Amino acid sequence: MTIFLKNKQTLQVDDFYFKCSIGKNGLDKKTPKGTFKIEYLYFRKDRIKLPKTFLKTIEIKPDMGWSDDINFPNKYNKLIRVNKKIHHEKLLRNDNKYDLLIPIKYNFEKSIPGKGSCIFIHLTNNYNPTAGCIALKKKDFLIMLKLINQSTKIKIY
């Protein structure tokens with residue numbers, strides 16, 4: 001199965017069309033164009049019960065971050081244990097954006113520092129532009145999770 005980002009506000013999963021938001025600068029400015037694999041589902045067990053999904057699931061812990069630090073090329077665009085020396089996106093947030101998230105495997109294998117990191121499918125409450133991610137309402141994200149699996153790809157064009 002392939003998920004399609006049809007335009008700046010529509011994500012197609014099978015026969016479902018979901019309203020979404022993307023990077024504030026549009027495609028290829030922050031939200032990358034291309035076809036990419038997806039990773040696992042990361043979720044906040046303290047806020048959401050384990051959703052029905054075919055994806056491998058990982059509970060978000062307080063010490064989890066995603067590195068966007070170009071000074072640490074071997075950690076760039078990877079899940080890390082939070083470290084004050086390494087700049088990162090903290091996964092355990094006060095808001096609800098990362099209660100559910102799926103990393104998009106953009107610049108993932110042999111990542112190039114500065115080319116882009118932390119590109120996720122995550123939650124939104126208001127469809128405000130993201131920093132490059134694709135954001136969905138929780139109810140739509142939960143529907144999507146029932147349809148996709150580990151071999152699903154996302155096509156952003």
Side-chain angles (χ1 to χ4, degrees), residues 1-68 76-82 88-109 111 116-157:
M1 169 180 289
T2 301
I3 299 169
F4 296 96
L5 181 67
K6 302 295 276 185
N7 54 49
K8 292 181 181 183
Q9 66 253 358
T10 308
L11 192 73
Q12 180 185 355
V13 183
D14 204 14
D15 291 334
F16 294 88
Y17 290 81
F18 301 118
K19 183 175 180 180
C20 69
S21 58
I22 64 168
K24 58 185 162 227
N25 293 322
L27 297 171
D28 253 4
K29 301 287 185 184
K30 291 286 184 180
T31 302
K33 285 185 180 179
T35 302
F36 310 102
K37 294 178 182 178
I38 59 172
E39 213 209 12
Y40 311 126
L41 169 68
Y42 293 77
F43 75 104
R44 289 280 303 264
K45 186 177 179 181
D46 60 322
R47 293 184 176 170
I48 295 177
K49 70 176 189 167
L50 180 64
K52 292 183 180 179
T53 184
F54 297 105
L55 297 177
K56 179 179 175 183
T57 57
I58 297 174
E59 180 185 342
I60 295 173
K61 306 279 186 178
D63 66 344
M64 294 169 82
W66 204 273
S67 172
D68 57 3
Y76 187 80
N77 200 25
K78 293 187 178 20
L79 179 68
I80 62 165
R81 176 169 274 147
V82 170
H88 60 276
E89 186 79 25
K90 193 169 173 95
L91 298 189
L92 193 76
R93 296 171 57 121
N94 291 329
D95 63 23
N96 296 95
K97 286 182 183 176
Y98 290 176
D99 286 1
L100 295 166
L101 75 89
I102 301 169
I104 295 172
K105 291 187 173 184
Y106 166 76
N107 193 28
F108 207 78
E109 308 294 329
S111 63
S117 70
C118 310
I119 308 295
F120 304 140
I121 303 171
H122 64 70
L123 300 178
T124 186
N125 288 327
N126 52 23
Y127 299 110
N128 284 342
T130 68
C133 299
I134 297 170
L136 298 167
K137 291 278 190 170
K138 181 179 173 184
K139 66 177 180 53
D140 294 336
F141 199 110
L142 293 170
I143 293 168
M144 177 186 70
L145 286 175
K146 293 177 185 175
L147 301 171
I148 63 175
N149 60 47
Q150 217 57 61
S151 64
T152 296
K153 292 185 176 155
I154 183 164
K155 184 170 183 177
I156 302 169
Y157 56 99

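All heavy atoms count here, side chains included; hydrogens, waters and symmetry mates do not. Residue numbers start at 1 and run along the sequence shown. In this text, all values refer to a predicted model and were calculated from it rather than measured experimentally.
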Suppose we screen for side chain to side chain donor-acceptor pair (under 3.5 Å). Which residues come up paired with Thr124, at least two apart in sequence or across chains? Asn126

Counting N and O atoms only, with roles assigned by atom type, does the side chain of Asn128 sit under 3.5 Å from a partner on the main chain of Ser21, one being a donor and the other an acceptor? no

Sidechain-backbone polar pair: Tyr106 side chain, Lys33 backbone, donor-acceptor under 3.5 Å: no

Residue pairs fulfilling side chain to side chain donor-acceptor pair (under 3.5 Å) with at least one residue in residues 136-148, sequence neighbours excluded: none

Could you work out, with salt bridge (charged side-chain N to carboxylate O under 4.0 Å, His left out) as the rule, every residue matching Arg93, not counting sequence neighbours? Glu89, Asp95

How close do Ser111 and Lys78 get, counting heavy atoms only, and between which atoms? OG-NZ, 3.9 Å

Return the set of residues passing side chain to side chain donor-acceptor pair (under 3.5 Å) with Thr2 (not counting sequence neighbours), or none when no residue passes. none

When you compare the side chain of Ile80 with that of Trp66, does any pair of heavy atoms fall below 4.5 Å? no

Point-to-point distance, once rounded to the nearest 0.5 Å, from OG1 of Thr152 to CG of Leu147: 9.0 Å

Taking only residues two or more places apart in sequence, or in another chain, which ones meet Asp14 in a side chain to side chain donor-acceptor pair (under 3.5 Å)? none

Can you tell me if Asn77 uses its side chain to pair, donor with acceptor, with the backbone of Cys118 under 3.5 Å? yes

How about Lys19: does its NZ atom have over 12 heavy atoms from other parts shown lying under 6.0 Å from it? no

pair Ile102-Ile154: side-chain heavy atoms closer than 4.5 Å: no

Is the count of non-hydrogen atoms from other residues, nucleotides or ligands lying under 6.0 Å from Lys153 atom NZ greater than 12? no

Is the shortest side-chain heavy-atom distance between Phe54 and Ile148 below 4.5 Å? no

Partners meeting side chain to side chain donor-acceptor pair (under 3.5 Å) with Asn125 (sequence neighbours left out): none

With sequence neighbours excluded, what pairs up with Asp99 under the salt bridge (charged side-chain N to carboxylate O under 4.0 Å, His left out) test? Arg47

Set of residues satisfying side chain to side chain contact (heavy atoms under 4.5 Å, CB included) with respect to Lys56, sequence neighbours excluded: Tyr40, Gln150

Non-neighbouring partners of Lys61 that pass salt bridge (charged side-chain N to carboxylate O under 4.0 Å, His left out), sequence neighbours left out: Glu59

Could you grab the distance from atom CD1 of Ile119 to atom CD1 of Ile156, nearest 0.5 Å is fine? 8.0 Å

Partners of Leu92 by side chain to side chain contact (heavy atoms under 4.5 Å, CB included), sequence neighbours excluded? Arg44, Ile60, Pro62

Can you name the side chain to side chain contact (heavy atoms under 4.5 Å, CB included) partners of His122, sequence neighbours left out? Lys97, Tyr98, Leu101, Phe120, Thr130, Cys133, Ala135

Heavy atoms, side chains only, cut-off 4.5 Å: are Met144 and Ile121 in contact? yes

With sequence neighbours excluded, what pairs up with Thr57 under the side chain to side chain contact (heavy atoms under 4.5 Å, CB included) test? Leu41, Phe43, Leu50, Thr53

